[in-house]
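Letters A, B, ... mirror the listed sequences (proteins, then strands); counts begin at 1.
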Protein chains: 6
Amino acid sequence: MITLFTNPTLSSINRNPLQDFCVPDLESSPTNSGYPCKLQVTSEDFFYSGLNTPLNTSNPKGTAANSANLMTFPGLNTMGISMYNVEIAPGGYNPPHSHPGSTEAGVVIEGSVLVGFLTTNYTLYQKVIGPGDMFVIPPGLIHYEGNVGKTQSRLLTVVADDLPGEVVLPHTLFATKPAIPNAVLMKAFKADSKTINMLRTKFTT
Amino acid sequence: MITLFTNPTLSSINRNPLQDFCVPDLESSPTNSGYPCKLQVTSEDFFYSGLNTPLNTSNPKGTAANSANLMTFPGLNTMGISMYNVEIAPGGYNPPHSHPGSTEAGVVIEGSVLVGFLTTNYTLYQKVIGPGDMFVIPPGLIHYEGNVGKTQSRLLTVVADDLPGEVVLPHTLFATKPAIPNAVLMKAFKADSKTINMLRTKFTT
Amino acid sequence: MITLFTNPTLSSINRNPLQDFCVPDLESSPTNSGYPCKLQVTSEDFFYSGLNTPLNTSNPKGTAANSANLMTFPGLNTMGISMYNVEIAPGGYNPPHSHPGSTEAGVVIEGSVLVGFLTTNYTLYQKVIGPGDMFVIPPGLIHYEGNVGKTQSRLLTVVADDLPGEVVLPHTLFATKPAIPNAVLMKAFKADSKTINMLRTKFTT
Amino acid sequence: MITLFTNPTLSSINRNPLQDFCVPDLESSPTNSGYPCKLQVTSEDFFYSGLNTPLNTSNPKGTAANSANLMTFPGLNTMGISMYNVEIAPGGYNPPHSHPGSTEAGVVIEGSVLVGFLTTNYTLYQKVIGPGDMFVIPPGLIHYEGNVGKTQSRLLTVVADDLPGEVVLPHTLFATKPAIPNAVLMKAFKADSKTINMLRTKFTT
Amino acid sequence: MITLFTNPTLSSINRNPLQDFCVPDLESSPTNSGYPCKLQVTSEDFFYSGLNTPLNTSNPKGTAANSANLMTFPGLNTMGISMYNVEIAPGGYNPPHSHPGSTEAGVVIEGSVLVGFLTTNYTLYQKVIGPGDMFVIPPGLIHYEGNVGKTQSRLLTVVADDLPGEVVLPHTLFATKPAIPNAVLMKAFKADSKTINMLRTKFTT
Amino acid sequence: MITLFTNPTLSSINRNPLQDFCVPDLESSPTNSGYPCKLQVTSEDFFYSGLNTPLNTSNPKGTAANSANLMTFPGLNTMGISMYNVEIAPGGYNPPHSHPGSTEAGVVIEGSVLVGFLTTNYTLYQKVIGPGDMFVIPPGLIHYEGNVGKTQSRLLTVVADDLPGEVVLPHTLFATKPAIPNAVLMKAFKADSKTINMLRTKFTT
């Protein structure tokens with residue numbers, strides 16, 4: 001691919017013919033270009049308090065997050081940005097995942113966090129960062145965050161899309177409906193059927 | 001203008017033909033499409049600690065900020081995102097300004113902050129928000145932030161551009177070189193020459 | 001921001017699946033991506049005579065204009081262009097304003113016109129031009145036009161958007177509903193409450 | 001194709017990292033993304049007087065034009081707009097041509113002009129218009145203008161590209177180097193070799 | 001025009017808010033941004049067998065094609081790609097035509113094919129290629145394909161648009177409704193009315 | 001994400017200021033916007049015979065491919081398209097992989113092929129198709145192809161990018177340099193260190 005460089009103005013493409021924004025009416029059914037715009041808008045539509053809802057990281061991954069995106073904070077519609085308040089318990093890891101085509105960046109608020117990403121030529125870039133430190137994940141690359149400290153960690157992150165997709169690994173290989181044929185995964189993992197079934201069981205509850 | 005909606009993938013347009021990113025060499029002179037990419041990249045290129053440099057808000061506006069953008073954190077090149085750690089002293093205000101074509105969003109970390117923006121049809125949307133609360137400023141609209149509490153306030157903000165422009169009001173009307181002719185400003189402010197000169201003196205030191 | 005250079009083809013993106021254009025039905029209610037396309041189109045839809053309606057510049061600003069945009073000349077829908085026939089009386093000035101994200105260009109038809117614009121680093125570029133002379137205003141920058149001659153002046157201008165927005169200064173600071181708090185404007189203008197109120201009165205009738 | 005609608009902000013994508021514009025140095029050799037930006041810019045760079053150079057329509061087509069584009073008015077670089085002062089003698093015609101991907105619009109200044117364009121489903125839209133009347137040609141469609149009055153006519157036109165391409169018919173079929181094989185044109189025109197050669201001679205002098 | 005280079009990610013812009021694709025419901029009436037998305041999708045929606053329907057090249061041009069585009073293979077909606085199975089009889093030619101703004105590429109499956117295209121500065125590039133050979137036609141340029149062998153030829157082609165437009169020459173000059181005035185074509189072809197009428201008769205049956 | 005729909009014209013954005021294309025000089029060093037354009041171009045630059053080089057599928061995956069992309073067929077530069085001639089031996093599988101942000105489509109030339117892809121909400125769409133049948137993979141989604149027949153199979157595929165990236169699973173998790181920490185993969189696979197090491201060994205030879 002070829003470098004085109006930052007489009008400083010893309011999000012401003014998203015202006016409504018009669019307004020400077022389009023706060024969607026999520027009650028209406030979406031059209032092929034999104035939800036219709038609300039006709040009545042108030043200041044409340046541009047502010048969101050859901051990011052500071054208490055989080056519970058008592059789960060296998062040891063991670064939890066509050067999301068401010070098109071569905072939770074409709075005022076973000078067409079703004080090209082979503083934000084996340086992420087907590088990770090000591091030893092917890094956000095598994096390798098990618099946001100197809102969207103840059104991610106973030107700042108550590110509390111704790112000691114290992115942030116890493118993988119390039120398409122199999123290079124790993126990673127570093128342990130602390131409070132106030134910022135990281136950036138190039139668009140579409142697989143990345144992970146983990147708490148390598150002894151206390152709870154918290155990050156404030158942003159993804160350059162108001163409703164980003166997410167591909168989680170290896171979940172997406174083992175938890176699809178219908179299941180990916182064993183033959184495909186055996187070749188991919190260079191493993192026998194028994195190994196694939198063993199791996200698969202963890203993701204099919 | 002017509003709503004085109006979020007481009008989830010623009011930042012990923014910015015991929016180098018041989019890499020997944022383009023960390024610029026700011027020592028080289030920029031071409032008309034930006035700086036050349038560094039050939040040697042390390043993990044350090046994707047992490048930045050400059051956002052937590054101590055800030056001093058003892059100035060007339062009562063505001064100060066650390067910026068993570070293309071020039072301070074080159075790894076952001078082509079990522080379409082810049083981030084800011086902003087501090088505002090009690091009674092301080094970040095004057096009305098706009099980022100042409102770029103969405104801004106942010107989260108209050110400490111204190112009580114008044115955030116407001118103006119639409120192109122002269123409507124003001126504003127609210128006082130506190131720690132953990134998020135706001136969004138539609139692209140290109142004039143906005144301001146002020147500390148309406150009794151203690152120092154801090155915000156973490158993001159602009160959807162890795163080197164956003166800024167138009168500050170009314171600074172841009174009174175502080176240009178050369179000066180805007182009085183006749184232009186008299187008509188604009190519906191004021192006499194004496195008033196314009198009085199206003200101008202504040203910005204021409 | 002980084003130079004991406006002209007997109008010669010964006011306006012042709014705007015083709016309808018079954019037509020080469022989309023003449024909107026302004027009677028229908030707009031969706032979040034604009035108005036539905038008319039099914040029956042005639043030659044009349046692509047021609048407009050409203051630009052030569054007589055103009056009256058007997059007003060405080062001494063300026064008047066006919067606009068050919070999406071709302072007045074629906075055939076411009078998705079064409080990425082709007083045009084304007086502007087008249088300015090001697091001594092009249094079109095106050096400083098910007099079109100967020102859109103280039104403006106124009107040609108003087110009659111009279112002697114001062115055209116100026118301000119960059120984001122506070123540089124003013126301006127010149128007095130006459131009949132047949134052309135000017136260009138880079139996208140999003142604040143600009144103004146004034147008649148510095150002794151006779152009526154006329155310009156034919158184009159903006160690279162079929163329904164451009166407009167931010168007028170300082171109108172947008174003093175004429176919003178609700179009003180911007182005095183505290184914000186006092187900091188911005190480095191002025192006392194009395195001065196702000198004095199300036200405000202001109203715009204709140 | 002599917003309607004994407006106007007991009008109000010594309011031209012503002014074209015901002016230089018350190019400037020609000022990129023006035024190219026045409027003396028330097030172009031790179032694959034255009035010419036390098038001049039470092040020193042003056043007001044003169046944004047104004048152009050070449051549109052009102054006298055025109056001579058004493059030629060077979062009876063048309064002549066002054067062009068303000070990237071090459072003649074470098075300040076238009078990255079602005080996404082070019083303008084033209086076109087004169088047509090009585091009975092003169094600008095032959096059918098298209099600007100791949102770019103909208104064209106214009107206003108008649110003097111005379112009586114027939115403006116027509118062809119859709120991709122073989123429909124012709126045309127009308128005779130006079131002084132002050134405006135027309136729009138959807139992007140990429142074949143169009144023509146002719147003077148159907150008794151006096152010289154003049155138009156001021158704009159194309160949504162600062163250096164538009166042009167495909168002229170049937171010139172492009174008969175005047176290529178090397179020549180298109182007769183077999184191709186015989187099938188296309190459903191004509192014999194003698195007819196093709198007859199048509200070709202007009203364009204190969 | 002200025003080189004912007006490949007946008008590797010444009011097609012992925014076309015993602016639905018709740019899905020990774022938008023298979024259109026062609027039964028519904030299209031909106032100005034295309035057809036609404038089907039809510040129920042199956043594997044069948046992403047596969048198409050219509051390209052291998054038998055073709056009959058017994059026609060004046062000696063060419064025939066099966067098209068996989070938005071209308072025949074709705075799963076291509078928003079994918080930015082259409083494909084074609086083209087057969088050309090010996091001596092047959094696909095007349096000069098262009099796809100406004102879209103790249104075309106293809107591979108010869110059987111036979112010996114002459115592929116040529118014309119640049120906007122009247123240069124012809126052409127070559128005779130055989131089975132397995134690939135060609136590319138730059139976006140928007142006029143091109144043709146012909147069977148210069150003794151046996152039936154077949155090509156598999158792709159156009160970078162899921163519903164490309166097509167301008168066919170000289171058909172588009174002689175077969176429009178209403179007809180282009182003779183005066184326009186006489187100037188264009190530098191021919192008399194008799195010649196134009198002769199050419200026109202071939203296309204108006 | 002929100003549906004923006006096909007951009008029929010993006011590849012034509014990529015036009016050189018003085019040419020209709022930009023055939024890159026791969027001998028020169030790339031700039032941040034790609035390779036410089038060759039000044040001398042011949043017909044040969046737009047045709048490629050490398051797709052029909054004999055392929056050898058005697059390898060663990062049982063697949064092999066010839067690629068026509070920016071690096072092998074420079075004429076594709078800025079065309080937004082790359083093509084591939086893919087052969088798969090009976091029982092062979094092209095492992096799960098994605099092309100960040102680019103649509104893939106293809107046609108089976110010989111044999112019986114299973115083509116499947118996974119959505120971001122874990123749905124698998126797949127089908128066995130034969131000669132002449134076409135498939136489409138939505139941009140950025142993980143997909144695979146396998147030969148489920150008894151004879152060699154061959155596909156002709158296209159990706160909407162002239163130099164697409166590729167993320168191969170699970171290769172990208174186990175074959176990076178440096179290695180992804182076991183702790184990350186143990187959480188991701190919900191497996192112990194022994195299992196991770198076992199899986200890793202297959203990819204680190």
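- For B/Leu169, the parts lying under 4.5 angstrom from a heavy atom of chain C are both the backbone and the side chain.
- For chain C, no part of B/Tyr125 is nearby; none of its heavy atoms comes within less than 4.5 Å.
- Proximity to chain C is limited to the side chain of B/Ile142, based on heavy atoms less than 4.5 angstrom apart.
- Neither the backbone nor the side chain of B/His97 comes within contact range of chain C; no heavy atom of the residue lies under 4.5 Å from a heavy atom of that chain.
- In this structure, the portions of B/Phe189 lying under 4.5 Å from any heavy atom of chain C include both its backbone and its side chain.
- The shortest heavy-atom contact between C/Tyr122 and B/Ala175 is CB-O, 3.9 Å.
- Heavy-atom pairs under 4.5 Å with chain B peak, among C/Gly116, C/Ala183, C/Pro60, at C/Ala183.
- The OG1 atom of C/Thr123 sits 9.5 Å away from the NZ atom of B/Lys177 when rounded to the nearest 0.5 Å.
- The shortest distance between side-chain heavy atoms of C/Leu199 and B/Leu199 falls below 4.5 Å.
- When atom types are taken as modelled, the side chain of B/Lys202 and the backbone of C/Lys190 share a donor-acceptor pair closer than 3.5 angstrom.
- Looking at B/Lys61, the atoms closer than 4.5 Å to chain C (heavy atoms on both sides) all sit in the backbone: N, CA, C or O.
- Residue contact with chain C, scored on non-hydrogen atoms closer than 4.5 Å, involves the side chain of B/Met198 exclusively.
- With a threshold of 4.5 angstrom between heavy atoms, C/Ile180 approaches chain B through its backbone and through its side chain.
- For B/Thr195, the part sitting under 4.5 Å from any heavy atom of chain C is the side chain, from C-beta outward, and nothing else.
- In terms of heavy-atom pairs under 4.5 Å with chain B, the best-connected choice from C/Pro96, C/Gly92, C/Pro95, C/Gly146 is C/Pro96.
- For the pair C/Pro181 and B/Tyr144, the tightest heavy-atom approach, listed with the atom from each and the gap, is CD-OH, 3.4 Å.
- Taking C/Asn69, C/Thr172, C/Val167 one by one and counting their heavy-atom pairs under 4.5 Å with chain B, the maximum is reached by C/Thr172.
- Most heavy-atom pairs under 4.5 Å with chain B: of the set C/Gly62, C/Pro178, C/Ser82, C/Ala179, this distinction falls to C/Pro178.
- Among all heavy-atom pairs drawn from B/Lys187 and C/Gly91, the shortest one is CE-O, 3.4 Å.
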